[in-house]
Amino acid sequence: MRRVAIVGAGQSKYGEFPEKGIKELFFEAYKDMASSVDKNFDPKQIESAYVGNLGSGGFQLGNMSALVAEYVGLPYIHTVRVENACASGGYALVAAVMDVMSGAHKMVLAGGVEKMTDVSGMKQKYWLGVSGDTEYERLAGTTFAGLYALIAHRHMHEFGTKREHLSMVAVKNHKNGAQNPKAQFQREIQLEQAMKAPIVAYPLNLFDCCSTTDGASSLLVCDAEVAKQFTDTPIYITGFGTSSDYLAIHDRINTVTLEGTKRASQHAYKMAGLTAKDIQLAEVHDCFTIAELLAYEDLGFCEKGKAGQFIEEGHTKIDGDKPVNASGGLKSKGHPIGSTGTGQAYEMFNQLRGTVQKPIRQVKGIEKGLVHNVGGSGGTVSVSIMER
Amino acid sequence: MAHVSVPMYWRTIPQRYQMMGQKCKKCGAVNFPPKGVCKYCNASSEFEELQLSGKGKVHTFVLIGAGGAPPEFADQMKAGGSYPVAIVELAEGPKVIGQMTDVNPKDVKMGMPVKAELKKIYTEEGVIRYGFKFAPDLEGK
Ligand SMILES: CC(C)(COP(=O)(O)OP(=O)(O)OC[C@H]1O[C@@H](n2cnc3c(N)ncnc32)[C@H](O)[C@@H]1OP(=O)(O)O)[C@@H](O)C(=O)NCCC(=O)NCCS
Ligand SMILES: [Zn+2]
């Protein structure tokens, strides 16, 4: 099978942009990607595009991949909208990688876009919640905050994880996000402030939750054989894995493990010939603070039940021995659903090449990174390993 | 804002009104809510119907606060404030999610015995939807 590289990556600003729709947001990311290609970029070589998207701001549910592709000057190619809730972008990347690996196409776009702020808060919650189990979870009166709260509470009960541990995730990620010019919330928060924020779904409060965000991202994925025509420093995708799980949390054997994360990462490590120890930076799916703690455990960075201690000891800070979410994570950077997965890869691309916009956020001299994207409460998960 | 249509709801009435579970003929485990193929052995779709007792214990719970309720539960939130939702481990084995009822949210505890009761869940498209909620089981241990 063909080896696969990324030779360009772009991201729009994340935030609330009344003046931009999915087309304009996607174009912003696309142009940013085009300008990141060091040499010989030619849009005519792009043969297919995979676009992660959940709701399109409620206005273009069908055929949106064709729409955003033609808008940026890519008509008449193979386009597919990829929908796996919050993991849509991660799966769009995997689809692009498989496309290139198979030899079907040499030059492929993987991207994602979401427009979340066009609709009222109530409507957002209406369609956000429908990526969980609608027949039971939703009818019990929960949205995602409630589902992750169920997991968090059980984690606290079983392992003694503390309220502070959850807030430490938010504080760390806001600190990194404050240095990210493309993040939605570019401000630091204090631990006490994070602990005292208004309750959304006890034990989770406002500062345990990601926000609602507009944004897009775009990657240029190609056959490794031609990668050097575009840059001297391509980033290789050396492993990937995906796994589904029971959609409803109550159907899962273990409430405090995302089995999808475990399985997806095991596939990815095996394919790349690496273990969790080799990963020098990870962008993980912290849609709620508990999700980042679960990721530490289920990706194998620490033992099951020890994530609270792991964050407390500072391992995952930007200058720790296992930095996580240098971008600010979903918590501070924002979570434009369909864009999140390819947005994580955008950060990793720049981290591995040493081209992060603000040097303070740059993790120095790293060669191996992991990106981890979760759909809903874990119904779908993708993991990709990127190497310099 | 229909999201579970009336016909869709009607199809699930045996599970919602009577808590009708499925006992796998191959491995003997009890599935609830129902599956096409047994989720324990993934090898059989032959089941016996089993009427569940509705009794169980709180495995984990959340108190849904402002901002955490789906729009169709906003009225309930407005009228009654924060409400508890639990995953209950049923006596027959399976876990299931449900709202708690007849309890002060402050009194909900991990492991507390509960029993299912048929209650009004919410009204959608002008039709009242009934289903089970969990109340403290004072005789349970
Ligand atoms: C957390 C949540 C419930 C808050 O919604 P809300 O109560 O309607 O809050 P608002 O959007 O009105 O925001 C209130 C304030 O808090 C700020 N804020 C909102 N979310 C925030 C967050 N996650 N972190 C920090 N600040 C936040 C807003 O900027 C706003 O500040 P302002 O009043 O100064 O403008 C909502 O953002 C949400 O549902 N998030 C989860 C999204 C989701 O489920 N995604 C899929 C995950 S799997
Ligand atoms: Zn069975």
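Proteins get letters first, then strands, A, B, ... in listed order; numbering begins at 1 in each. None of the values given here were measured: they were computed from a predicted structure.
Heavy-atom distances place the side chain of B/I121, and not its backbone, under 4.5 Å from chain A. Only the side chain of A/Y246 comes within contact range of chain B, judged by heavy atoms closer than 4.5 Å. For B/M77, no part sits under 4.5 Å from any heavy atom of chain A, backbone or side chain.
Top candidate by heavy-atom pairs under 4.5 Å with chain B, chosen from A/T134, A/L204, A/L206, A/T255, is A/T255. Most heavy-atom pairs under 4.5 Å with chain A, from the set B/P70, B/G65, B/G67, B/G68: that is B/P70. Contacts with chain B were tallied for A/E137, A/M156, A/R252, A/H157; A/H157 has the most, counting heavy-atom pairs under 4.5 Å. Chain B forms more heavy-atom pairs under 4.5 Å with one residue of A/E135, A/R154, A/E158 than with any other, namely A/R154.
A donor-acceptor distance shorter than 3.5 angstrom exists from the side chain of A/E297 to the backbone of A/G305, with no hydrogens or angles considered.
Under 4.0 Å is where a charged nitrogen must lie from a carboxylate oxygen, and between A/R138 and B/E72 at least one such pair does. A salt bridge is defined here as a Lys NZ or Arg NE, NH1 or NH2 lying under 4.0 Å from an Asp or Glu carboxylate O, and A/R263 with A/D298 fails to meet this definition. A salt bridge links B/K119 with B/D102: at least one charged nitrogen is closer than 4.0 Å to a carboxylate oxygen.
Residues of residues 55-64 of chain B lying under 4.5 angstrom from chain A, judged on non-hydrogen atoms, are B/H59, B/T60, B/F61, B/V62, B/L63, B/I64 by number. Taking 4.5 Å as the heavy-atom cut-off, the residues of residues 36-48 of chain B that approach chain A are B/K39, B/N42, ordered by number.
Taking the side chain as every heavy atom from C-beta outward, A/D245 and A/L258 never approach each other to under 4.5 Å. A 4.5 Å side-chain heavy-atom check between A/L330 and A/H285 finds at least one atom pair inside the cut-off.
Among the candidates A/R163, A/E164, A/H165, the single residue satisfying the side-chain hydrogen bond (donor to acceptor under 3.5 Å, both in side chains) test with A/S167 is A/R163.
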Practice problem: Decide side-chain contact (heavy atoms from CB on, under 4.5 Å) for A/H335 and A/S211; before the verdict, give the C-alpha distance in whole Å, the side-chain angles of both, and the deciding distance to 0.1 Å. | Solution: CA-CA 6 Å; A/H335 181 22; A/S211 52; 5.8 Å; no
Exercise. Please test A/H153 against A/Y202 for ring pair (Phe, Tyr, Trp, His ring centres under 6.0 Å), starting from the C-alpha separation and ending with a verdict.
Key: CA-CA 8 Å; A/H153 208 182; A/Y202 172 85; 5.7 Å; yes
Practice problem: List the steps, then state whether side-chain contact (heavy atoms from CB on, under 4.5 Å) holds for A/K331 with A/K172. | Solution: CA-CA 10 Å; A/K331 177 67 204 72; A/K172 170 182 73 71; over 6 Å; no
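Applying the side-chain hydrogen bond (donor to acceptor under 3.5 Å, both in side chains) definition to pairs two or more places apart or across chains, those involving residues 13-37 of chain B are A/Y136-B/Q15, A/D251-B/K35, B/T12-B/R16. Within the structure, every pair that satisfies the ring-ring contact (aromatic ring centres under 6.0 Å, His included) test and touches residues 109-141 of chain B, not counting sequence neighbours, is listed here: B/F73-B/Y122, B/F132-B/F134.
When only modelled atom types and interatomic distance are considered, B/Q76 and B/Q99 share a side-chain donor-acceptor pair under 3.5 Å.
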